[in-house]
Amino acid sequence: TRYGTVTGVQTCALPICHRLRGSALLVAGLALMMTVTPVLNFLSPMKKAVWLPGNAGNTLWQGNNPLADGNYVVAQDTPEGKAFIAAHGYQEKLERADAAEKDKLFRELALLWIRENPGQFTVLVLKKLNNAFGLFPQAAIFERDAWARWLHLVAYGPVAALALVGIYLSRQRWRDFALCYLAIFAYTVSVMVFFGTPRYTILIMPFLILLAAQTITVLLNRRPVPTA
């Protein structure tokens, strides 16, 4: 049928009225988040009603610094990170700053590193994407346990491959799959800006599974009917 034959696919390919209702709920949720975040930040130790989460600048710095490798790196505690901070005159500023001001300073440091190292940042973005979507990402648990790495490969690999094909196969019905695309696109942008890790990719696994189901549906519908 027009809306798919697999129950999972129907969730992402709903009639227009349901899609509009879902979009309205999404907008309302975003509006609520934009309202709640400043209030929570004001009630937190930073005591300032800022729009971004209180650790956004710090997280940006952990993903973009002299030791960045695509994952989360606490660079300010390393000799290389301390040297970069001191070279740009931020050491005393950080020592005097409160929580909110420190977050702002770390954001500035991250942007400084990106501007000064555009080539390294381009390579770093590829490492981030591999760490979030790749079959052999960098993660502490994979370094400790080889079985965990193989389990990730076996469980995630087929879903990732089928989902990638599903993005192509669903292109003519892009309106039906718009929310799936939006979720995956938003996550991809956040990975490119901050850092990538397999445990955060779990957040979009439902959407990847739906696109994988679309691929399976198309393949089953194209299968020749056996003759008697």
Side-chain angles (χ1 to χ4, degrees), residues 37 50-91 93-94 97 99-146 148-153 155-157 159-161 163-165 167-168 180-205 207-208 211:
T37 300
V50 295
W51 292 101
L52 291 175
N55 65 339
N58 183 55
T59 304
L60 184 65
W61 163 249
Q62 309 308 342
N64 303 275
N65 58 69
L67 294 177
D69 59 4
N71 208 326
Y72 191 93
V73 179
V74 185
Q76 65 267 28
D77 296 334
T78 66
E80 294 85 352
K82 291 178 180 179
F84 183 85
I85 292 172
H88 292 80
Y90 276 74
Q91 184 173 351
K93 294 179 181 179
L94 287 170
E101 186 64 22
K102 279 185 178 181
D103 193 70
K104 178 182 177 182
L105 294 174
F106 278 127
R107 181 175 71 246
E108 293 175 0
L109 283 167
L111 295 176
L112 278 171
W113 183 85
I114 292 173
R115 285 197 295 268
E116 293 176 2
N117 302 276
Q120 286 181 253
F121 177 70
T122 301
V123 175
L124 180 61
V125 167
L126 297 178
K127 291 182 179 180
K128 294 176 182 180
L129 292 173
N130 176 69
N131 217 41
F133 298 103
L135 299 181
F136 300 97
Q138 175 187 352
I141 189 173
F142 296 154
E143 301 299 327
R144 298 193 306 265
D145 191 344
R149 180 177 295 278
W150 283 108
L151 181 61
H152 172 269
L153 179 63
Y156 170 74
V159 174
L164 185 62
V165 177
I167 293 175
Y168 174 78
C180 291
Y181 299 153
L182 179 61
I184 296 173
F185 174 77
Y187 176 69
T188 302
V189 171
S190 72
V191 167
M192 296 171 67
V193 173
F194 295 99
F195 60 89
T197 177
R199 64 191 179 100
Y200 289 166
T201 305
I202 293 176
L203 296 173
I204 63 164
M205 281 302 295
F207 301 104
L208 296 179
L211 289 167

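K128 and V191 make their closest contact through CD-O, 3.1 Å (heavy atoms, listed as atom of the first residue, atom of the second, distance). Across every non-hydrogen atom of P137 and G134, the tightest pair is CD-O, 3.6 Å. Considering all non-hydrogen atoms of both residues, A68 and G63 come closest at CB-O, 3.5 Å. The two residues A132 and G196 come nearest to each other via the heavy atoms CB-CA, 4.0 Å. Considering every non-hydrogen atom in both A86 and Q91, the closest pair reads CB-OE1, 3.7 Å. Heavy atoms only, all atoms of each residue included: E108 and Y90 are closest at OE1-OH, 2.8 Å.
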- Let me see the working for Q76 and N65 under side chain to side chain contact (heavy atoms under 4.5 Å, CB included), right down to the final yes or no. CA-CA 9 Å; Q76 65 267 28; N65 58 69; over 6 Å; no
- Applying side chain to side chain contact (heavy atoms under 4.5 Å, CB included), run through D69 and N131 and close with a yes or a no. CA-CA 9 Å; D69 59 4; N131 217 41; over 6 Å; no
- Between W113 and F121, does a side chain to side chain contact (heavy atoms under 4.5 Å, CB included) hold up when you go through it step by step? CA-CA 9 Å; W113 183 85; F121 177 70; 4.2 Å; yes
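Going from atom CZ of F136 over to atom CG of L153 covers 4.5 Å, rounded to the nearest 0.5 Å. Taken to the nearest 0.5 Å, the CG atom of L111 stands 5.5 Å off from the CG atom of L60. For the atom pair N64 CG and Q62 CD, the distance stands at 10.0 Å (nearest 0.5 Å). For the atom pair CD1 (I202) and CG (L208), the distance works out to 11.5 Å, reported to the nearest 0.5 Å. Of the inter-residue distances, the one linking N71 atom CG with Q138 atom CD reads 5.0 Å to the nearest 0.5 angstrom. How far CG of N58 is from CG of L105: 11.0 Å, rounded to the nearest 0.5 Å.
Counting only heavy atoms from C-beta outward, the side chains of I85 and W61 approach each other to under 4.5 Å. Side-chain contact between M192 and L129 is present, with at least one heavy-atom pair separated by less than 4.5 Å. Contact check for F106 versus N55: no side-chain heavy atoms found under the 4.5 Å cut-off. Proximity of L211 to F207: side-chain heavy atoms (C-beta onward) are nowhere separated by under 4.5 Å. Contact of the T188 side chain with the I204 side chain is not registered, since no non-hydrogen atoms from C-beta on lie closer than 4.5 Å. At least one side-chain heavy atom of M205 sits less than 4.5 Å from a side-chain heavy atom of Y156. Side chains of T59 and F195 form a contact here, defined as non-hydrogen atoms less than 4.5 Å apart. Taking 4.5 Å as the limit, some side-chain heavy atom of L94 sits within range of a side-chain heavy atom of L109.
Between F142 and H152, the ring planes are tilted. Angles from 30° to 60° get that label.
Listed for the T78 side chain is no donor-acceptor partner under 3.5 Å among the backbone atoms of V74.
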